[in-house]
Amino acid sequence: MARHLITSAIPYINGIKHLGNLVGSQLPADLYARYLRARGHEVLFLCATDEHGTPAELAAAKAGKPVDAYCAEMHAVQAEIAQGFSLSFDHFGRSSSAQNRVLTQAFAARLADQGLIREVTEKQMYSVADGRFLPDRYIEGTCPNCGFDSARGDQCDNCTKQLDPVDLINPRSTVSGSTELELRETKHLYLRQSEMKGALAEWIEGKQDWPILTTSIAKKWLNDGDGLQDRGITRDLSWGVPVQFEGAPWAGMDGKVFYVWFDAPIEYIACAQEWAAATGGDWERWWRTDKGAEDVTYTQFMGKDNVPFHTLSFPATILGSNEPWKLVDYIKSFNYLNYDGGQFSTSRGRGVFMDQALSLLPADYWRWWLLSHAPESSDAEFTWENFQQSTNKDLADVLGNLVSRVTKFCNAKFGAVVPDGGAWGAAEEALIAEVEGRLVAYSTHMEAMEVRKAAIELRSIWVAGNEYLQASAPWTVVKTDPAQAAAQIRLALNLIRVYAVISQPFIPTAAASMMTGMRTDDWTWPDDVRSALTALPVGHAFDVPEVLFAKITDAEREAWQVQFAGVRD
RNA sequence: GGCAAGGUAGCUCAGUUGGUUAGAGCACACGACUCAUAAUCGUGGGGUCGGGGGUUCGAGUCCCCCCCUCGCCA
């Protein structure tokens, strides 16, 4: 039994996430956590909402609410949706927690103590009417390059040229529309990542088993241009972790907060503290290598856009502190999921969002499709046709129908109890051998976090059950040799329990209802397939279950295609 | 423009250090079965492995050039 710390990239508080976000971090992390727990390992699976920064402030203002109230509300919404998707977080925290504030300030002070913070005075756009500094992208004006009148301060959406806000003609605040803008001097703290370049490069070089996607992005940032750059870790905002605090080793930082990308990863640790506060658990066992975490395996899941922060920025914070914090062991990263020929887009409301998905179908449909099509080797694409075909075939026809045909046949011929009589022969031995072999492959893929390959193998195990039934034909055998048919169906009934156990990481709700139908609570992993297939003994009663997965009809699919063709309100 | 990752059957994807007739699922066709959610099982057709050169006895797999998609950076 090993100990596994698992974190999923923490979703931003602003709005409900789409399916692309889900499959890139939370869902595969949940799959892995569920699998490891099922194998008897000790798991701490953490996630949280990322709550600080300008977008949250503006969203709150738009909603007419104080930002802290807005965040509390949205956190509750996201937590409920996560539960709807059966995401098995041990704790779903908040980056705005008291724990994270204390920890973030402590890390900053420690980094300063280690000589890794420098102060930089720079000029930024200040909006007098808004009473605040504005990030570049919240300033709009006419592009000096192409004349486009809604170019953003960081880049022109029309000609794609990178811009500086001072280049814009007739610049205005997108917050208020005010043109009363001026350049003001402001002081910020920079994390001297360039000092850490050697240590980070050496660390990354040692990770030969990481996904190419992870290491290639990390190396690019390490070596591109002038190499890893120092990064500003403070902002002129009010919503965030205050830079000014008792014991702060720098002066004149009033009214500033830490940059959201500095405090967000630290929430991984703070979240464990929140978990400990809520449950009485010991967070240091998971995060302090001097207090028991040296034998923890730490795995992070994220989309490729988050890779630089997890391979470089956060490790720079951890390593730079020169304190015994647990460093990540494996970073599983994902490409993007596209939606019907284009990108999912939160800002433009394009695609299917998590709450909408749950209103259409049970979570297991989405979990199965998303995981079995996870964008591991390249970007992947969601289309309604593919979704309908895949889920109908895999879940309804292959797995669901297997449960139906076995339980209904048994009920008709022998009653709703595991029947007695007969014995296993060559066909049964062959099935056991196949399931044993495939289960090893399945486990290997799960442990390697090869999500698609694991899904393919699991499906093959389901198919093996249908192949066995088809070849054995108990519906024919029962006419001449009822005892033999009983042995066959006894095996098939036990197969349902085994399938529930091994499928649970992918489709937890359906797995639970399979177990309920079989009237068992024995979730023991089938390390020994042969004995696992006798777990339900002769005479054990079961219920003939309802249809496990209803099929998606063409009419439904067509309606959804239309419904989601446009933009979310 | 620079860099990275992709471009393999209609669709979604596997293809170890180059080695026999390039694989799987879906879709399609045919057959079997009729217990089951018109489900299942079997068989088959279908690919000049983005394009062009090159290395090699032999390349999807190595080298060079070009094209396309996507991402990061400038």
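Reminder, nothing fancy here: chain letters follow the sequence lines and each chain counts from 1. This structure is a prediction, so every number in the text was calculated from the model and none was measured.
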Next on the checklist: Starting the side chain at C-beta, find the nucleotide from B:rU37, B:rG71, B:rU40 nearest to A:Val547.
Outcome noted: B:rU37

Checklist entry - Can you tell me how far P of B:rA36 sits from CD1 of A:Ile496, to the nearest Å? => result 14 Å

Next on the checklist: Between B:rG42 and B:rG25, how far apart are the two P atoms, rounded to whole Å?
Outcome noted: 9 Å

Checklist entry - Distance between the P atoms of B:rU16 and B:rU55, in whole angstroms? => result 24 Å

Next on the checklist: Using a 4.0 Å cut-off on heavy atoms, which residues in residues 395-424 of chain A reach RNA chain B? List them by number, or say none.
Outcome noted: A:Ala396, A:Asp397, A:Gly400, A:Asn401, A:Ser404, A:Arg405, A:Lys408, A:Phe409

Item to check | Rounded P spacing from B:rC66 to B:rG58 in Å | outcome: 26 Å

Item to check | Partner residues of A:Thr7 under the side-chain hydrogen bond (donor to acceptor under 3.5 Å, both in side chains) criterion, sequence neighbours left out | outcome: A:Tyr298

Checklist outcome for this item: Rounded to whole Å, CH2 of A:Trp475 lies from P of B:rC41 at a distance of 10 Å

Checklist entry - Across the strands shown, which category fits A:Leu548 at heavy-atom distances under 4.0 angstrom: base, sugar-phosphate, nothing? => result base

Checklist entry - What distance, rounded to whole Å, do you find between the two C1' atoms, one in B:rC72 and one in B:rA5? => result 11 Å

Item to check | For A:Asp379, side-chain hydrogen bond (donor to acceptor under 3.5 Å, both in side chains) partners two or more places apart | outcome: A:Lys304

Checklist outcome for this item: One should report the stems of RNA chain B, each a stretch of at least three consecutive Watson-Crick or G-U pairs at distances under 3.5 Å, as B:1-3 with B:71-73, B:5-7 with B:67-69, B:10-13 with B:23-26, B:28-32 with B:40-44, B:50-54 with B:62-66

Next on the checklist: Please give the distance between the C1' atoms of B:rA38 and B:rG51 as a whole number of Å.
Outcome noted: 46 Å

Checklist entry - What pairs with A:Pro362 under side-chain contact (heavy atoms from CB on, under 4.5 Å), at least two apart in sequence or on another chain? => result A:Tyr365

Checklist entry - Given the C1' atoms of B:rG23 and B:rG45, what is the spacing between them in whole Å? => result 16 Å

Item to check | All ring-ring contact (aromatic ring centres under 6.0 Å, His included) counterparts of A:Phe542, not counting sequence neighbours | outcome: none

Checklist entry - Taking atom C1' of B:rG42 as reference, at what distance in whole Å does atom CG of A:Asn466 sit? => result 13 Å

Item to check | Aromatic plane relationship, A:Phe301 with A:Tyr32 - under 30° parallel, 30 to 60° tilted, over 60° perpendicular | outcome: tilted

Item to check | Protein-nucleotide distance (A:Leu213, atom CG; B:rA4, atom C1'), rounded to Å | outcome: 10 Å

Checklist entry - Rounded to whole angstroms, how far apart are CD on A:Gln470 and P on B:rA36? => result 13 Å

Checklist entry - Do A:Asn21 and A:Gln26 get their side chains close enough for a donor-acceptor pair, meaning under 3.5 Å? => result no

Checklist entry - Atom CD of A:Gln388 to atom C1' of B:rA27: distance rounded to whole Å? => result 12 Å

Next on the checklist: Just to verify, what does A:His445 make a ring-ring contact (aromatic ring centres under 6.0 Å, His included) with, not counting sequence neighbours?
Outcome noted: none

Give every pair of a protein N or O atom and an N or O atom of nucleotides 6-12 of chain B that lie under 3.5 Å apart, one pair per line with the distance.
| from | atom 1 | to | atom 2 | distance (Å) |
| --- | --- | --- | --- | --- |
| B:rU12 | O2' | A:Arg452 | NH2 | 3.1 |

Checklist entry - If the C1' atom of B:rC49 is compared with that of B:rC62, how far apart are they to the nearest Å? => result 16 Å

Checklist entry - Would you say A:Ile169 has more than 12 foreign heavy atoms packed within less than 6.0 Å of its CD1? => result yes

Checklist entry - Starting at CD1 of A:Ile456 and ending at P of B:rA14, how long is that distance when rounded to a whole Å? => result 8 Å

Next on the checklist: Does A:Val478 reach a base, just sugar-phosphate, or nothing at all? Heavy atoms under 4.0 Å.
Outcome noted: nothing

Next on the checklist: Taking A:Lys332 first and then A:Glu376, would you say they form a salt bridge - that is, a charged N and a carboxylate O separated by under 4.0 Å?
Outcome noted: yes

Item to check | Residues A:Ser194 and A:Asp230: side-chain donor-acceptor under 3.5 angstrom | outcome: yes

Please list, pair by pair, any protein nitrogen or oxygen found under 3.5 Å from a nitrogen or oxygen in nucleotides 68-70 of chain B.
| from | atom 1 | to | atom 2 | distance (Å) |
| --- | --- | --- | --- | --- |
| B:rC70 | O2' | A:Asp379 | OD2 | 3.1 |

Checklist entry - Partners of A:Trp368 by ring-ring contact (aromatic ring centres under 6.0 Å, His included), sequence neighbours excluded? => result A:Trp462, A:Phe506

Item to check | Span that lies between the P atom of B:rU17 and that of B:rC57, in whole angstrom | outcome: 22 Å

Next on the checklist: Side chains of A:Glu447 and A:Tyr35 only: does a donor on one sit below 3.5 Å from an acceptor on the other?
Outcome noted: yes

Checklist entry - Under 3.5 Å, is there a donor-acceptor pair linking the side chains of A:Asn386 and A:Ser390? => result yes

Checklist entry - B:rG25, B:rU37, B:rC41: which one has an atom nearest the side-chain heavy atoms of A:Val463? => result B:rC41

Next on the checklist: Is the phosphate of B:rC13 approached by A:Lys453 (side-chain N or O, under 4.0 Å from OP1 or OP2)?
Outcome noted: no

Checklist entry - Looking at residues at least two apart in the chain, or sitting in another chain, which of them share a ring-ring contact (aromatic ring centres under 6.0 Å, His included) with A:Trp560? => result A:Trp384

Checklist outcome for this item: With sequence neighbours left out, the residues meeting side-chain hydrogen bond (donor to acceptor under 3.5 Å, both in side chains) with A:Ser333 are A:Thr214

Checklist outcome for this item: Whole-Å distance, A:Glu434 CD to B:rC41 C1', equals 13 Å

